[in-house]
Amino acid sequence: MPAASKHDYYETLGVSRGAKEDEIRKAYRKLARKHHPDLNPGDKASEERFKKVQEAYDILSDSKKRQVYDQYGFYSDNIPPGGPGGGPGGGAGQPGMGFGGFDFSDYVNHTGGPQTGGGAGAFRDIFSQFFSNRQDERPGGPEKGSDLEYGLDIDFWQAIRGTQVRLNVARQEICETCNGSGSVGGSSTVCPECDGTGSVTQMAGAMKFSLTCPRCDGKGRLKNVCPTCHGDGRLSKTETVEVRIPSGAQSGSRLRVAGKGNAGRAGGAAGDLYITVRVEPHAFFRRDGDDIHIQVPVTVSEAGLGAKIEVPTIDGRALLKVPQGTQNQQKFRLREKGVMNARKNQRGDEIVEVVIQAPKVDDERTRELLRELSQVSSEDPRKEIWTKV
Ligand SMILES: [Zn+2]
Ligand SMILES: [Zn+2]
């Protein structure tokens with residue numbers, strides 16, 4: 001009897017001894033993706049882990065092999081399920097098992113050796129078989145549909161006031177021909193991938209070993225594939241989804257529309273649609289959280305003498321009192337003239353920054369007044385600069 005590998009397959013996949021088929025499959029996929037050599041180039045530890053995961057799945061995904069493993073603590077092709085000489089089907093139920101005299105664990109546990117070097121390509125083949133085009137596979141339990149991500153541009157006012165938008169979302173829906181099952185009535189056909197044996201032979205360098213047929217998942221037979229969805233049970237369709245963007249939405253806000261992601265499999269719930277909002281900037285208003293910032297020009301005399309000026313807010317015009325002696329870039333706060341924050345049930349403020357505009361001098365009278373002003377005020381606006389240069 002060939003030496004079997006020592007590790008605990010259940011532990012390797014992180015599942016309990018009573019784990020169901022689809023639980024094992026999910027655990028395997030998650031781990032295989034994580035440790036796949038393509039995703040971890042040059043990482044020996046990951047490669048080893050990947051091989052162990054492959055091996056564990058090879059055994060535990062096959063009910064006959066699993067039975068042997070559960071009974072003896074290891075698996076060998078030479079032991080029929082139920083023990084030597086016993087058990088339904090015995091070894092005869094597995095024709096074409098292509099170990100070719102090699103022990104699988106031999107391949108798996110080697111760290112040096114020629115087979116490891118040539119192995120990467122073979123792993124890639126196995127990997128791609130497992131993760132692509134599994135349209136004939138019908139997992140036992142329901143599987144939730146995947147979520148969809150969508151980016152949405154809205155303008156400044158839509159974000160402030162909230163808006164209703166219609167999105168054309170490309171999503172997978174349940175196929176109506178087969179009601180999501182992927183197959184239509186009538187008798188099943190023999191799986192062409194494995195000729196009905198339920199397992200396929202993989203070459204890895206000079207090594208040959210056997211895997212559960214990825215196409216029929218070891219069942220050996222395929223159901224009649226639905227002609228509409230080609231077995232997937234779902235179809236890509238573009239659906240118009242009405243979405244309400246609440247008032248006060250900010251750039252980067254993420255909204256969830258429940259049930260509008262891709263349809264689930266085998267009766268599983270649909271995924272969700274996530275919409276990430278991007279708010280286009282406004283020509284004058286700038287948002288900072290719930291506050292609105294705006295720069296407003298004032299004349300020299302308004303700033304110097306003080307004035308009541310009209311400033312724009314998101315509600316329309318508001319009156320701002322500019323006090324006497326206001327300086328350039330001085331800021332004033334208009335309370336609760338900002339954006340409504342629905343969570344706090346409170347509005348932000350508007351911050352007005354005044355920008356003093358020099359007068360246009362195109363008449364003699366203005367020139368006269370400015371000359372007079374310079375005689376009266378002998379202030380040197382550059383005094384501060386000279387003390388620091
Ligand atoms: Zn269909
Ligand atoms: Zn097959």
Side-chain angles (χ1 to χ4, degrees), residues 21-22 24-25 28-29 32 54-55 57-68 75 77 81 89 91-100 104 122-146 170-204 208-239 259 261-271:
E21 255 180 75
D22 65 314
I24 287 170
R25 190 182 357 253
Y28 161 68
R29 284 193 182 162
Q54 288 273 12
E55 184 191 359
Y57 181 69
D58 181 49
I59 303 302
L60 295 187
S61 63
D62 184 303
S63 59
K64 288 176 198 143
K65 292 182 186 175
R66 186 178 174 184
Q67 202 186 326
V68 171
Y75 175 75
D77 268 338
Q94 304 177 14
M97 295 294 282
F99 271 75
F104 187 68
F123 278 128
R124 191 164 308 136
D125 294 344
I126 296 162
F127 187 75
S128 60
Q129 270 198 32
F130 267 99
F131 296 114
S132 64
N133 200 28
R134 304 207 64 187
Q135 59 184 23
D136 302 315
E137 173 206 32
R138 293 264 58 91
E143 203 175 298
K144 191 177 187 272
S146 53
R171 57 188 291 265
Q172 301 227 287
E173 288 178 35
I174 301 272
C175 168
E176 282 172 11
T177 308
C178 61
N179 227 345
S181 71
S183 57
V184 286
S187 57
S188 59
T189 54
V190 170
C191 172
E193 190 85 25
C194 61
D195 293 325
T197 61
S199 54
V200 288
T201 302
Q202 275 288 337
M203 293 299 293
K208 209 164 137 197
F209 59 95
S210 164
L211 277 177
T212 302
C213 172
R215 185 146 181 205
C216 61
D217 205 28
K219 293 182 184 75
R221 298 188 82 80
L222 298 176
K223 287 180 179 164
N224 285 339
V225 171
C226 167
T228 312
C229 63
H230 304 289
D232 189 64
R234 304 176 303 175
L235 287 173
S236 276
K237 276 184 188 163
T238 302
E239 190 189 332
N262 286 325
R265 283 177 191 275

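We count ligands from 1, going down the list as the structure has it; atoms in each ligand are counted the same way.
Between Gln172 and Ser146, the closest side-chain pair of non-hydrogen atoms is not below 4.5 Å. Using a 4.5 Å cut-off on side-chain heavy atoms (C-beta onward), Ile24 and Glu21 make no contact.
The Zn ion (ligand 2) forms the vertex of an angle spanning SG of Cys213 and SG of Cys191; to the nearest 10 degrees it equals 110°. The Zn ion (ligand 1) forms the vertex of an angle spanning SG of Cys226 and SG of Cys178; to the nearest 10 degrees it equals 110°.
Here Cys175 reaches the Zn ion (ligand 1): one of its N/O/S atoms is less than 2.8 Å from the metal.
Arg234 places a side-chain N or O within 3.5 Å of a backbone atom of Ala263 that can act as its donor or acceptor partner.
The shortest non-hydrogen separation linking Cys229 to Gly182 is SG-CA, 4.2 Å.
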